[in-house]
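The structure under discussion appears below in the form of structure tokens.
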Amino acid sequence: MSRERDVKGGANAPASIRWRDGRLWLLDQRKLPDAVVYEEQRSARDVASSIAQMTVRGAPAIGIAAAYGMALAAKAGEPLPAAAATLIAARPTAVNLAWAVQRVLAAPSPEAAAVAIHQEDVAMCQAIGANGVGLIDDGCAALTHCNAGALAVSTLGTATAPLYLAHAAGKRFSVFVDETRPALQGARLTAWELLRAGLDVTLICDSAAAHLMAEGGIDLVIVGADRVAANGDVVNKIGTRALAIVSRYHGVPFYVALPASTFDPAAANGAAVVIEERDAGEVTGPIPAPPGVAARNPAFDVTPAELVTAWITDRGRFHTAAELGGLAA
Ligand code: MRU
């Protein structure tokens, strides 16, 4: 993989994925916010490894990257079913990955299909924003978890799209961002991209959310999703479930933003979704933990549908799982 430095993207954040003249570059999100560095991906295997190591992360972004990985495999004359299997195996939880790879596999032109998936993403973020912006009132305080922002998608993000559109419309509001242990997507990515866009951002420890709600300081929560099951259960970054539970206790509305490609009608409920368990070293490595201590690192959790106030999608805002089921059509 070679490197390149750059660049501008949607919502004032650098683009997480660039495809130019048949070459693929991924922003190394592990290095943010300290450095904006792009790594060229020369094969589907490179892309799979970058997805597994979270150079690129966020459900829609890993789908787009994998779609371009398929295009690279096609250009190299590699068997596409094998490339597809390698890419899909990179991370198990976000359904967008398999969705995008299978769509490219079935298409007559892998490159054209990958470019289409990437371009559709822009309109999808706008539509989610338009369907959620009415929830952001002047003077309100929103809370988000992990990064479902521009860096996780291609432009406005999903959970952040209503926030970006409300800001562009001149509304004044504040955004609280959970730091999101252990990979710190909230602190390193969401706080960074929202600040660059000029929003009023306050970073908090994950464990501070309940206290802020008890003080009456949070009006709504908006998060993204890696997969939403047929019954509306939401699989998202570890900590989302706890946030939904404390939101219900404190009477704070809990919204989930997702594109139709994140809805998985084949998963009956959250229990049917594989929860990725990552290296325990990601938990113990950055902190002064005693050598040899056991650690676990589940990357996602399941929020029961009953705790969701509404699902904000590119095709509308839905208040029941039955309405959400229309996304399968
Ligand atoms: O492990 P990550 O950083 O890929 O997890 C990302 C999330 O959990 C996001 O909330 C989700 O993918 C939605 S991104 C629009």
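Keep in mind the model is a prediction, meaning the values are calculated, not measured. When a residue number appears, it is its place in the shown sequence, counting from 1. Excluded from the calculations below are hydrogen atoms, water molecules and symmetry mates; all remaining heavy atoms, backbone and side chain alike, are included. Each ligand, and each atom within it, is numbered from 1 in the order the structure gives.
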If you scan protein heavy atoms around atom 10 (O) of ligand 1, the nearest is Asn236 OD1, 2.7 Å
Quick look: Val153 vs ligand 1, heavy-atom contacts under 4.0 Å, and the answer is side chain
Q. Pro60 near ligand 1, heavy-atom distance under 4.0 Å?
A. yes
Within the 4.0 Å heavy-atom cut-off, what Cys146 brings close to ligand 1 is side chain
dist Asp178:CG -> Asp206:CG (nearest 0.5 Å) comes out at 5.0 Å
Nearest non-hydrogen protein atom to atom 5 (O) of ligand 1, with distance, is Lys237 CE, 3.3 Å
With Asp233 as partner, the option from Val228, Asn269, Val308 fulfilling side chain to side chain contact (heavy atoms under 4.5 Å, CB included) is Asn269
Check: of Gln185, Arg57, Arg91, Arg227, min heavy-atom distance to atom 6 (C) of ligand 1 comes from Arg57
| field | Residue-ligand contact Ala299/ligand 1, heavy atom below 4.0 Å | value | no
the protein heavy atom lying closest to atom 12 (O) of ligand 1 turns out to be Ala59 N, 2.9 Å
Check: Is the closest heavy atom of Met54 to ligand 1 under 4.0 Å?
Finding: yes
If you scan protein heavy atoms around atom 8 (O) of ligand 1, the nearest is Asp226 OD1, 2.9 Å
Test side chain to side chain contact (heavy atoms under 4.5 Å, CB included), reference Asp314, set Ile128, Thr262, Thr158, output is Ile128
Ser247 and Phe254 have their tightest heavy-atom pair at OG-CD1, 3.7 Å
For atom 13 (C) of ligand 1, the closest protein heavy atom turns out to be Ala225 O, 3.3 Å
Query raised in the report: How far apart are the C-alpha atoms of Thr93 and Asp226, what are their side-chain angles, what is the distance that settles it, and do they pass the side-chain hydrogen bond (donor to acceptor under 3.5 Å, both in side chains) test?
Result: CA-CA 7 Å; Thr93 304; Asp226 283 78; over 6 Å; no
Give the table of side-chain donor-acceptor pairs shorter than 3.5 Å for residues 67-80, with sequence neighbours excluded, one pair per line with atom names and distance.
from  : atom 1 : to     : atom 2 : distance (Å)
Tyr68 : OH     : His118 : ND1    : 2.8
Lys75 : NZ     : Gly22  : O      : 2.7

Check your understanding: Could a heavy atom of Asn147 be found less than 4.0 Å from some atom of ligand 1?
Key -> yes
Ala152 versus ligand 1: do any nitrogen or oxygen atoms come within less than 3.5 Å of each other? no
Side chain of Glu193, backbone of Ala150: donor and acceptor closer than 3.5 Å? yes
Would the distance check show the side chain of Asn96 and the main-chain N or O of Gly63 forming a donor-acceptor pair, the cut-off being under 3.5 Å?
no
If you scan protein heavy atoms around atom 15 (C) of ligand 1, the nearest is Thr158 OG1, 3.1 Å
Quiz prompt | ILVMFWY cluster, Ile204 and Leu194 together (side-chain gap under 4.5 Å) | solution = no
